[in-house]
Every structure is written in C-alpha cells, then in structure tokens.
Amino acid sequence: KRVLSTRDDQDHAKDEYFMTSADKIRFFFEESAFDENQKLRVDKHLALNKVGHALHLLDPEFKAFTFQDKFKNIAKSLSFKKPAVCQSMYIFKQPNIGGEVNTHQDSTFLHTEPMNIAGLWIALEDATLENGCLHFVPGSHTEGVAKRFIRNPNGDSPSMIFVGSMPEVSSEKFVAAPVKRGSLVVIHGEVVHRSEANRSKESRNIYTFHVIETDGSAYSKENWLQPTAEMPHFPLLY
C-alpha cells in the first residue's frame, strides 16, 4: 500500500511510487484510514487520498473532460498562448478522516521561469467549511515563491529536497472559499492556500489539473515531475 501524508511534504521525496507517477495512474491511501496496527479502519473505497498523476493522458473519460473547449477558452481568457497540461489528480476528502493540506503554493512543486502556471480545480461535490473547502490568502500571488521542491543536486537520498521556507502565515489572513458542486476554481501558481481536515460525514471530492505556459516560459528541470520516455512532453491544451 502507499499512504500519502497531506501534512508532511517530505514524505513525497522518500516514496519512489509517488516520484515515478508522472506518466501513470497510481492510487494513494489516506493516512488516517489505518489504525495503529496498519489495518484499514474504513471500507477500501473510502480509504483513498488521491489518484494521480496522468489521468488526463491515460484515462479516456478524464482525457476528454480535461481537453474540452470550456477549459481551453478559460486558458485563453487567462492569456495562455501554448498551455500544456503537466499533471492531473482526483483528490478525495473522505468523510471523517480526510486530511488537512498544509499551507503551500503550487509553484513550490511546479516551477517555471518566468512563473506562469495555473491550477484548474473542479468541485465534484459541494466544498463547505465543514468538509474541507479551500482557503486562500488574498494578494499572496504577488509576493513570489518562498519555497521550492527540487531534485537533490548531490544525487543523494532523498532524491528531492526543499530549499527556502514558507513564512508563517496567520490563520486570520486566510479567506475560506466554499463552492457548490460543479464550480471551477482557478488557482494562481503563487497564491498561498490550504484546506482543512474533513471531520464531517460528507465527502469533498474534486478533480484538478495544472497548466503551464510553454511559449516563452521554461519548465524547470529541477521539478519533481518531469517528462519521461513514455511521456516525452506534456500535451498541449491547444
């Protein structure tokens, strides 16, 4: 089994199953789905944390959904010229056990130079204050990227390391963003955001994918997620 901690980012760097998932569809369990003896304490279908990271490439339904005209038009309205889809995820916030996601910026993990990345986050169910909706720090997208998750230049273990640090952000600065099922939230790559744990009886499932600009913007070779022999380049949205 592969358990994904939503509170310990360094967990990713130690997990080869996660690190080699760029061109695959892989399944990750929720940390709280297991008891102290590492036995499932919920039904298996309620134990997943997420599925990633190539749904947009390998699953016909997710591929058709991702590359639909609505999303192409949204990317055009954001002035993307040649956007590519670099990753996709189905993220669960399971009832009662859905973990919090720590304060972060997406560009910590997916960095371009100059910065030009957006996440398209689609609510498949109502995202509420009770079940773990997103929270944002308004204006934080103008303050740059404080922390990077990069390939270890020394070739040592772990294969990925963090450089820099995320400044402490007062909880009072965060603004909750509850949305209804079917809503789209466009997330600037540099905006500071998080989501709370789900201790309610309602799930909060979403689908998300990230687009990067390829016209005049270089995707960092230090990023954890890289093209592979099976996926030699990220597919263009249009």
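Basis for what follows: all heavy atoms, side chains included, without hydrogens, waters or symmetry-related copies.
Side-chain contact between Arg26 and Thr20 is present, with heavy atoms from C-beta onward closer than 4.5 Å. Proximity of Asn49 to Phe92: side-chain heavy atoms (C-beta onward) are nowhere separated by under 4.5 Å. Side-chain contact between Pro153 and Ile161: present, with at least one pair of heavy atoms (C-beta onward) separated by less than 4.5 Å.
No donor-acceptor pair under 3.5 Å is formed between the side chain of Lys201 and the backbone N or O of Asn96. With hydrogens and angles disregarded, a donor-acceptor distance shorter than 3.5 Å links the side chain of Ser107 to the backbone of Gly189. With Glu100 contributing its side chain and Asn102 its backbone, the two residues share no donor-acceptor pair below 3.5 Å. Side chain of Gln105 to backbone of Gly144: a donor-acceptor contact under 3.5 angstrom is found. In this structure, the side chain of Asp35 engages the main chain of Asn37 through a donor-acceptor pair within 3.5 Å. When atom types are taken as modelled, the side chain of Thr228 and the backbone of Met231 share a donor-acceptor pair closer than 3.5 angstrom. Remark: the backbone N or O of Leu120 is paired with a side-chain donor or acceptor of Thr208 at under 3.5 angstrom. Using a distance-only test at 3.5 Å, with no hydrogens or angles considered, no donor-acceptor pair links the side chain of Ser157 to the main chain of Ser159. Although no hydrogens or angles enter the test, the distance criterion places a donor-acceptor pair under 3.5 Å between the side chain of Asn152 and the main chain of Pro158.
By the 4.5 Å side-chain criterion applied to Ile, Leu, Val, Met, Phe, Trp and Tyr, Trp121 is assigned to a cluster that also includes Met89, Ile91, Leu134, Phe136, Val179, Val185, Ile187, Val191, Ile206.
With 3.5 Å as the limit, one finds no donor-acceptor pair spanning the side chains of Ser217 and Asn116. Side chains of Ser203 and Glu125: a donor on one and an acceptor on the other come within 3.5 Å.
Scanning both residues, Val42 and Ile97, for their nearest heavy atoms gives CG2-CD1, 4.1 Å. Contact between Cys133 and Ala176 at its shortest, heavy atoms only, is SG-CB, 4.2 Å. For the residue pair Lys147 and Val145, the shortest heavy atom distance occurs at O-CG1, 3.3 Å. The two residues Val211 and Phe209 make their nearest non-hydrogen contact at CG1-CE1, 3.9 Å. Residues Leu236 and Phe67 approach most closely at O-CE2, 3.3 Å, considering heavy atoms. The two residues Ala33 and Ala47 make their nearest non-hydrogen contact at CB-CB, 3.7 Å.
A salt bridge does not link Glu202 to Arg204: none of the charged nitrogens lies less than 4.0 Å from a carboxylate oxygen.
Between Phe29 and Phe27, the ring center distance fails the sub-6.0 Å criterion. In this structure, His135 has its ring center at least 6.0 angstrom away from the ring center of His193. Taking the six-membered ring for Trp and the full ring otherwise, Phe18 and His53 have centroids separated by under 6.0 Å.
Remark: Arg151 engages Met160, Gln226 in a side-chain contact (heavy atoms from CB on, under 4.5 Å) (not counting sequence neighbours). For His188, the ring-ring contact (aromatic ring centres under 6.0 Å, His included) test picks out His141, with sequence neighbours left out.
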Name the atoms and distances for all side-chain donor-acceptor pairs under 3.5 Å in residues 78-88, with sequence neighbours left out.
residue, atom, partner, partner atom, Å
Gln87, NE2, His210, ND1, 3.1
Ser88, OG, Leu55, N, 3.0
Ser88, OG, His56, N, 3.0
Ser88, OG, His56, ND1, 2.7

Please tabulate, for side-chain N and O atoms in residues 58-65, each donor-acceptor pair with protein atoms closer than 3.5 Å (sequence neighbours left out).
residue, atom, partner, partner atom, Å
Asp59, OD1, Glu61, N, 3.1
Asp59, OD1, Phe62, N, 3.1

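Heavy atoms of other residues, nucleotides or ligands lying less than 6.0 angstrom from CZ of Arg199 number more than 12.
Sequence neighbours left out, the pairs with a member in residues 162-175 that pass side-chain hydrogen bond (donor to acceptor under 3.5 Å, both in side chains) are Ser170-Glu172.
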